Amino acid sequence: MTDTVRVRFAPSPTGYLHVGGARTALFNWLYARRSGGKFLLRIEDTDKARSSEAHIRVILDGLAWLGLDVDEEVVFQGAGVSRHQALADRLLDEGKAYEDEGAIRFRMPREEISWDDAVYGHIRFQGSDIKDWIILRSDRSPTYNFTVVADDIEMRITHVMRGDDHISNTPKQIAVYDALEREPPTFVHLPMIHGPDGKRLSKRHGATAVADYQQSGILPAAMRNFLALLGWNPGDERELFFTISELIEAFSVEKIQKKSAVFDITKLEWMNGQYISRTTPEQLFPLIEGELVDAGLDLDTIGRDRLLRATAVQSERARTTLELAHRLAIRFDASLIERDAKANKLISKDPTGFRSALSAAAQRLSGIEDSQWEAERLETELRSLANELELAPGKVFQPIRVAVTGNTVSEPVNVLLEVVGKQESLARMEAAKGWEPTA
RNA sequence: GCCCCCAUCGUCUAGCGGUCAGGACACCACUCUUUCAAGGUGGGGACAGGGGUUCGACUCCCCUUGGGGGCACCA
């Protein structure tokens, strides 16, 4: 089966997995899965000074997090040095390269070099515009453009899918394929990812590492979906892919964009919120458990049922799991309450009304049996209370919300009260009566 | 400086000679509501400019402009 598609992702271990690299890896992986081929990983560790075990680990972890599984043993470029040297010596012997101050320099052909790029179409360079370049340094270490070709041949790579910043390296590499008398692979150049200012995405734009997004509460499925749509579209108006198989099935090289794309975090977060709201509390909970413990919650005491119930309630309105965890923590630990500006405004606007609403509500709610403390009953009680007091429902509900959460934003108040529990809710309402109105 | 690539709403994009230039995020209204979010409805918002080709250009060609990338004994 020499026809089997073989693609590779070939990052250098620089310490983090850049989202651009992650997108390149994803496209390679999708292409391999779509075509029944193999997705390989090659670590470009020839620059010893920049490589380390930990850096390699980061790449492996990032790919694993995104769900991109590698089909064969990971290849380390550094392991092929003697092969690279032998190949360079061969070109030297054949007169296709020459010695220059101890290094071996490749003789670029003068004629036109071109290829049919799967994304950009026909691209041509004049060989005469490209200087002869070093393939083996004077210390006999091979250089990038040479090892890439040697290793892609060795790994029997059929499609080289990589960032379009490599377009101008391609003629050099094709010349090496020719010199080695090997057929070049199909080149599939991918447009770059830019920051909001149109410049190449870099650290000064903020988070650029996959791990940053992992830590800020982005789900891998959302990240995958978002990255897939950066420079590619399925050919119809779908934007949300809830299963990985849907993505694989929809993927096609023909729909890859030529224009670079701006990384829009707001849209990523929107998409993440879509995924979160469609994820079950059982699946969500393990993702926030660590955060809750860090926040000081005693999860055993709270109990799994209440935690899952609270997770379900919050999952509808959180855009990241970090936000989800924070909202949850507040519901189980009053000390985490931070009154926001709108809450303060509500209090200072009518301190007396705020307190009397709380008093009346507390009195009414304290009469509910512990076993009856559930959303439906709570709503009934509060509505009839508002009715008796001849107050708009919001005049009763909103002070409770503020007292219990410190915010003017939350799940429906009756649900909130159920989640927080009777004793705790009443305690919070009592405590809030002592809050000083601030301007 | 030289070489290469790119060009539709602010952003991601559909469009592959004849469309009211469509969708999504964001934004603004309205709606729903017990607040917010979500949801629903509606709105503003784009073919960089100039030449051709054609009965007819967002679409094809050329130029200009703009943007990006590359020109190492880095990867």
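On a predicted model such as this, the values are computed, not experimentally measured, just so you know.
- Here A:Asp139 lies out of heavy-atom contact (under 4.0 Å) with every strand.
- One finds the CD1 atom of A:Ile59 at 6.5 Å from the CG atom of A:Leu17 (value rounded to the nearest 0.5 Å).
- What separates CG of A:Asp129 from P of B:C5 is a distance of 12 Å, to the nearest Å.
- An OP1 or OP2 oxygen of B:A14 is reached within less than 4.0 angstrom by a side-chain nitrogen or oxygen of A:Gln257.
- The neighbour count for A:Lys395 NZ, taken as heavy atoms of other residues, nucleotides or ligands under 6.0 Å away, does not exceed 12.
- Nucleic acid contact for A:Asp236: none, since no nucleic acid atom lies under 4.0 Å from a heavy atom of the residue.
- Across all strands shown, B:A21 has no partner, as no Watson-Crick or G-U wobble contact with both distances under 3.5 Å is found.
- Using atom C1' as the reference point in both B:G67 and B:G49, the two lie 15 Å apart (nearest Å).
- The CD-C1' distance, from A:Glu376 to B:U34, rounds to 16 Å in whole Å.
- With sequence neighbours excluded, no residue satisfies ring-ring contact (aromatic ring centres under 6.0 Å, His included) with A:His194.
- Nucleotide B:G1: paired with B:C71 (Watson-Crick or G-U wobble, both distances less than 3.5 Å).
- At most 12 non-hydrogen atoms from other residues, nucleotides or ligands lie less than 6.0 angstrom from CD of A:Glu376.
- Comparing the C1' positions of B:G51 and B:A46 gives an interatomic distance of 23 Å, to the nearest angstrom.
- Of the residues near RNA chain B, A:Lys259 and A:Val409, the one whose nearest nucleotide (by heavy atom distance) lies more toward the 5' end is A:Lys259.
- Rounded to whole Å, the C1' atom of B:A14 lies 32 Å from the corresponding atom of B:C32.
- Considering only the side chain of A:Glu237, B:G23 comes nearest among B:G23, B:C73, B:C3.
- Contact of A:Ser138 with B:C73 (side chain to base): a donor-acceptor pair of N or O atoms is detected under 3.5 Å.
- Note that OG of A:Ser277 and CG of A:Leu324 are 11.0 Å apart. Values are rounded to the nearest 0.5 Å.
- A heavy atom lying under 4.0 Å from RNA chain B marks the following residues of residues 184-201 of chain A, by number: A:His194, A:Gly198, A:Lys199, A:Arg200.
- Between B:C12, B:A75, B:U34, one nucleotide has an atom nearer to the side chain of A:Phe397 than all others, and that is B:U34.
- For the pair A:Arg339 CZ and B:U35 P, the computed distance is 23 Å after rounding to whole Å.
- Nucleic acid contact for A:Lys395: none, since no nucleic acid atom lies under 4.0 Å from a heavy atom of the residue.
- Enclosure of atom CZ in A:Arg110 is not indicated, since only 12 or fewer non-hydrogen atoms of other residues, nucleotides or ligands lie within 6.0 angstrom.
- Spacing between atom CD1 of A:Ile167 and atom P of B:G69 amounts to 13 Å, rounded to whole angstrom units.
- B:G42 and B:C6: their C1' atoms are spaced 36 Å apart (whole Å).
- Atom OH of A:Tyr120 is separated from atom P of B:C3 by 20 Å (rounded to the nearest Å).
- Taking only side-chain atoms of A:Asn169, from C-beta outward, the nucleotide of B:A75, B:A38, B:G23 with the closest atom is B:A75.
- Using cut-offs of 30° and 60° for the angle between ring planes, the A:Trp435 and A:Phe354 rings count as parallel.
- With C1' as the reference atom, B:C36 and B:U19 are 40 Å apart, rounded to whole Å.
- Using atom C1' as the reference point in both B:G68 and B:C73, the two lie 28 Å apart (nearest Å).
- OP1 or OP2 of B:A14 lies within a sub-4.0 Å distance of a side-chain N or O belonging to A:Asn233.
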Salt bridge (Lys or Arg N to Asp or Glu O under 4.0 Å) between A:Arg140 and A:Asp89: does it pass, once the steps are laid out? CA-CA 10 Å; A:Arg140 298 210 30 95; A:Asp89 289 336; 2.9 Å; yes

Please write out the pairs of protein N or O atoms and N or O atoms of nucleotides 26-30 of chain B separated by less than 3.5 Å, giving the distance to one decimal.
unit_1 : atom_1 : unit_2   : atom_2 : d
B:A26  : OP1    : A:Arg319 : NH1    : 3.4
B:A26  : OP1    : A:Arg319 : NH2    : 2.6

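- Heavy-atom distances to RNA chain B give each of A:Pro412 and A:Ser141 a nearest nucleotide, and the one nearer the 5′ end belongs to A:Pro412.
- In this structure, A:Glu379 atom CD and B:U35 atom C1' are separated by 13 Å, rounded to whole Å.
- Within the 4.0 Å cut-off from OP1 or OP2 of B:C4, not a single side-chain nitrogen or oxygen of A:Lys172 is found.
- At a threshold of 4.0 angstrom between heavy atoms, the contacts of A:Glu269 with the nucleic acid are absent.
- The shortest side-chain heavy-atom distance between A:Arg377 and A:Trp373 does not fall under the 4.5 Å cut-off.
- Spacing between atom CD1 of A:Ile174 and atom P of B:C3 amounts to 19 Å, rounded to whole angstrom units.
- Using C1' as the reference atom, B:G18 and B:G23 are 22 Å apart when rounded to the nearest Å.
- Across all strands shown, B:A14 forms no Watson-Crick or G-U wobble pair with both key distances under 3.5 Å.
- Put simply, A:Arg383 has a side-chain N or O that comes within less than 4.0 Å of OP1 or OP2 on B:U34.
- Proximity of A:Arg162 to the phosphate of B:G70: no side-chain N or O atom is located under 4.0 Å from OP1 or OP2.
- Atom CZ in A:Arg105 sits about 10 Å away from atom P in B:A72, given to the nearest Å.
- Taking atom C1' in both B:G10 and B:G69, the straight-line distance is 24 Å, to the nearest Å.
- The CZ atom of A:Phe146 lies 6.0 Å from the CG atom of A:Leu180; values are rounded to the nearest 0.5 Å.
- Within 4.0 Å of A:Leu230, counting heavy atoms only, lie sugar-phosphate atoms of the nucleic acid but no base atom.
- For the salt bridge (charged side-chain N to carboxylate O under 4.0 Å, His left out) with A:Glu411, the qualifying choice from A:Arg401, A:Arg331, A:Arg317, A:Arg309 is A:Arg331, the only one to do so.
- Of the inter-residue distances, the one linking A:Asp93 atom CG with A:Arg90 atom CZ reads 10.0 Å to the nearest 0.5 angstrom.
- B:A7 and B:U65 make up a base pair, with Watson-Crick or G-U wobble contacts both under 3.5 Å.
- Backbone-only engagement by A:Val262 is indicated by non-hydrogen atom pairs under 4.0 Å involving sugar-phosphate atoms exclusively.
- A:Gly231 comes within 4.0 angstrom of the backbone, heavy atoms only, and of no base.
- Under the 4.0 Å criterion applied to side-chain N and carboxylate O atoms, A:Asp151 and A:Arg8 are not assigned as salt-bridge partners.
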